[in-house]
Amino acid sequence: MKELEHSDERYKEKLTTTTKTRDNPCSSIVNTFIRAWENQTFNSGFILLGIFNYSPTHIFLFSLVLGIFTVAFMGNTAMILLIYLDTQLHTPMYFLLSQLSLMDLMLVCTTVPKMAFNYMSGSKSISLAGCGAQIFFYVSLLGAECFLLATMAYDRYVAICHPLRYSILMNQKICGLMAACSWILGSLDGIIEVAVALSFSYCGAREIPHFFCDVPALLILSCTNTLLFERMIFICCVIMLLFPVAVIIASYVHVIVAVIHMGSGEGCRKAFATCSSHLTVVGMYYGAAMFIYMRPTSDRSPTQDKMISAFYTILTPMLNPLIYSLRNKEVVRAFLKMLGKGKSREQIA
């Protein structure tokens with residue numbers, strides 16, 4: 001009798017759980033991803049083949065990458081602090097620039113430290129959780145930066161084409177909302193891609209021909225059919241890349257027309273200086289991203305993918321603060337002002 005009572009209780013509990021799952025489809029989806037994650041097992045990670053060997057040439061190139069990483073880390077950190085500390089830089093344009101520097105700082109810290117640790121320690125392994133974290137941050141930051149660059153182009157369009165309405169169209173609240181939307185949209189893309197990518201079964205040697213966990217390189221190792229997911233990635237890339245590019249092109253077409261009709265030579269020069277810096281960054285970033293993610297799988301080469309990925313995950317974050325600071329008199333002024341304060345404090349001490 002007791003056994004029958006226990007079995008009845010277990011049946012009721014199971015029935016209740018099933019009913020709740022049917023009532024809540026979101027819970028069913030979450031449970032599916034949890035089961036898929038558990039099936040991967042945390043002990044079975046991946047091997048990152050990396051980009052360098054231990055030849056003298058590659059040791060020099062690795063040292064060069066560490067130097068670029070150091071410059072990128074210090075340059076973006078300095079840009080964030082400079083914009084935060086100097087009250088004259090508390091404008092929408094520089095707020096958006098500080099968000100770009102923050103994204104670049106996080107992006108370069110997502111890939112290079114792990115690559116450097118593996119190279120110097122001789123260990124090429126990465127855990128499943130570590131791989132998932134790299135995919136999430138990498139995809140989220142790339143997506144967020146796509147939308148942020150479009151927001152920055154819109155900001156320049158409003159500033160040059162509608163200067164009298166600039167304080168209304170790009171006030172602090174709207175600017176903060178646009179930046180927050182960039183972060184949120186990028187994070188949503190990251191969550192979707194990491195959840196689906198880690199739900200596949202991976203077999204064989206589990207060796208990723210890359211220096212970090214990049215989704216296209218990871219899908220090659222999958223034992224299951226990933227064609228549907230690859231199409232989903234392509235659609236996401238169309239939305240995340242081509243839509244912002246369309247906004248940027250439309251904004252700068254209006255800007256160029258407005259600049260041409262400007263009577264002031266000084267105004268034209270200042271407008272072109274500001275816009276050319278942004279267009280340089282846009283060209284480097286979107287060109288590399290489209291080359292990586294909008295090509296068919298059959299045309300992919302691991303060597304090409306690694307080199308292009310290194311360009312826009314390591315080199316571009318270093319170039320961005322240099323491009324914006326060296327060609328921007330206000331940033332240079334703020335930097336010299338900070339240096340002047342530091343020297344005066346040393347003299348007083």
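Being a predicted model, the structure only gives us computed values, none of them experimental.
Between Leu89 and Glu330 there is a side-chain heavy-atom pair separated by less than 4.5 Å. Between Thr111 and Phe137, every side-chain heavy-atom pair lies at or beyond the 4.5 Å cut-off. For the pair His210/Ser309, a side-chain contact is recorded, criterion being any heavy-atom separation below 4.5 Å from C-beta on. Looking only at side-chain heavy atoms (C-beta outward), Leu102 and Asn76 stay at 4.5 Å or farther from each other. At a threshold of 4.5 Å between non-hydrogen side-chain atoms, the residues Met93 and Met170 do not count as touching. Leu105 is not listed as a side-chain neighbour of Pro317, based on a closest heavy-atom distance of 4.5 Å or more. Side-chain atoms of Leu169 and Ile174, non-hydrogen and from C-beta on, never get closer than 4.5 Å to each other. In this structure the side chain of Asn320 reaches within 4.5 angstrom of the side chain of Glu145, judged on heavy atoms.
Under the 4.5 Å side-chain heavy-atom criterion for grouping Ile, Leu, Val, Met, Phe, Trp and Tyr, Ile308 is connected to Tyr138 within one hydrophobic cluster. Placement of Leu66 and Leu61 within a single hydrophobic cluster is found when ILVMFWY residues are connected by side-chain heavy-atom separations under 4.5 Å, directly or transitively. Placement of Leu198 and Leu228 in two distinct hydrophobic clusters is found when ILVMFWY residues are connected by side-chain heavy-atom separations under 4.5 Å, directly or transitively. Ile220 and Leu49 fall into different hydrophobic clusters, where Ile, Leu, Val, Met, Phe, Trp and Tyr residues are linked whenever their side-chain heavy atoms come under 4.5 Å apart, directly or through other members. When hydrophobic clusters are built by joining Ile, Leu, Val, Met, Phe, Trp and Tyr residues whose side-chain heavy atoms come closer than 4.5 Å, directly or via intermediates, Ile192 is grouped together with Leu241.
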TODO: Could you give me the CA-CA distance, side-chain angles and deciding distance for Thr313 and Phe211, then say whether side-chain contact (heavy atoms from CB on, under 4.5 Å) is met?
DONE: CA-CA 11 Å; Thr313 59; Phe211 62 93; 3.9 Å; yes

Task: Test log, rule side-chain contact (heavy atoms from CB on, under 4.5 Å), inputs Val253 and Ile249 - done: CA-CA 6 Å; Val253 166; Ile249 291 171; 4.2 Å; yes

- [ ] For Leu48 and Met115, run side-chain contact (heavy atoms from CB on, under 4.5 Å): C-alpha distance rounded to whole Å, both residues' side-chain angles, the deciding distance at 0.1 Å, then the answer.
- [x] CA-CA 9 Å; Leu48 293 172; Met115 179 196 71; over 6 Å; no

TODO: Assess whether side-chain contact (heavy atoms from CB on, under 4.5 Å) is satisfied between Thr151 and Leu96, documenting all intermediate values.
DONE: CA-CA 8 Å; Thr151 303; Leu96 295 173; 3.9 Å; yes

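For Arg333 and Asp86, the salt-bridge test passes: some basic side-chain N is under 4.0 Å from an acidic carboxylate O.
Taking CD1 from Ile80 and CG from Leu85, the interatomic distance works out to 11.5 Å, rounded to the nearest 0.5 Å. Rounded to the nearest 0.5 Å, atoms CG (Leu97) and OG (Ser101) are 5.0 Å apart. Once rounded to the nearest 0.5 Å, the distance linking CZ of Phe46 with CG of Leu221 reads 7.0 Å. Atoms CG and CZ, on Leu227 and Arg231 in that order, are 4.0 Å from each other to the nearest 0.5 Å. Put simply, OG1 on Thr77 and CG on Leu81 are 6.5 Å apart, with the number rounded to the nearest 0.5 Å. Between atom CZ of residue Arg156 and atom OH of residue Tyr252 there is a gap of 7.5 Å, rounded to the nearest 0.5 Å.
Of all the heavy atoms in Ala250 and His254, the pair that sits closest is O-ND1, 2.8 Å. The shortest non-hydrogen separation linking Ile248 to Ala150 is CG1-CA, 3.8 Å. Contact detail for Ala153 and Ser251: the closest heavy-atom pair is O-CB, 3.7 Å. Across all non-hydrogen atoms, the minimal contact from Ser140 to Phe136 is OG-O, 2.6 Å.
There is no side-chain donor-acceptor pair under 3.5 Å between Tyr166 and Asn171. For the 3.5 Å distance criterion, the side chains of Tyr94 and Gln88 fail to qualify, holding no donor opposite an acceptor. Looking only at atom types and distance, the side chain of Thr224 has a donor-acceptor partner in the side chain of Ser222 under 3.5 Å away.
Applying the ring-ring contact (aromatic ring centres under 6.0 Å, His included) rule to Phe52 yields the partners His58; only residues at least two apart in sequence or on another chain are considered. Shown here are the side-chain hydrogen bond (donor to acceptor under 3.5 Å, both in side chains) partners of His162, two or more places apart in sequence or in another chain: Tyr157. Shown here are the disulfide (SG to SG under 2.5 Å) partners of Cys131, two or more places apart in sequence or in another chain: Cys213.
Counting only distance, with no hydrogens or angles, the side chain of Arg206 and the backbone of Gly45 share a donor-acceptor pair below 3.5 Å. Within the 3.5 Å criterion, the main-chain N or O of Asp214 finds no donor-acceptor partner in the side chain of Gln134. Side-chain N or O atoms of Thr226 include none that pairs as donor or acceptor with a backbone N or O of Phe229 at under 3.5 Å.
Annotation: Met307, atom CE; neighbour count of heavy atoms from other residues, nucleotides and ligands within 6.0 Å does not exceed 12.
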Could you list the donor-acceptor pairs under 3.5 angstrom formed between side-chain atoms of residues 117-124 and any protein atom two or more places apart in sequence or on another chain?
residue: Asn118; atom: OD1; partner: Lys114; partner atom: NZ; Å: 3.3
residue: Tyr119; atom: OH; partner: Asn53; partner atom: O; Å: 2.7
residue: Ser121; atom: OG; partner: Phe117; partner atom: O; Å: 2.6
residue: Ser121; atom: OG; partner: Ser123; partner atom: N; Å: 3.3
residue: Ser123; atom: OG; partner: Ser125; partner atom: OG; Å: 3.3

Per-pair distances, 0.1 Å, donor-acceptor, side chain in residues 179-191, under 3.5 Å, sequence neighbours excluded:
residue: Ser182; atom: OG; partner: Met178; partner atom: O; Å: 3.1
residue: Trp183; atom: NE1; partner: Gln99; partner atom: OE1; Å: 2.9
residue: Ser187; atom: OG; partner: Trp183; partner atom: O; Å: 2.9

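Residue pairs that meet the disulfide bond (SG atoms under 2.5 Å apart) test with at least one member in residues 47-114, sequence neighbours left out, do not exist here.
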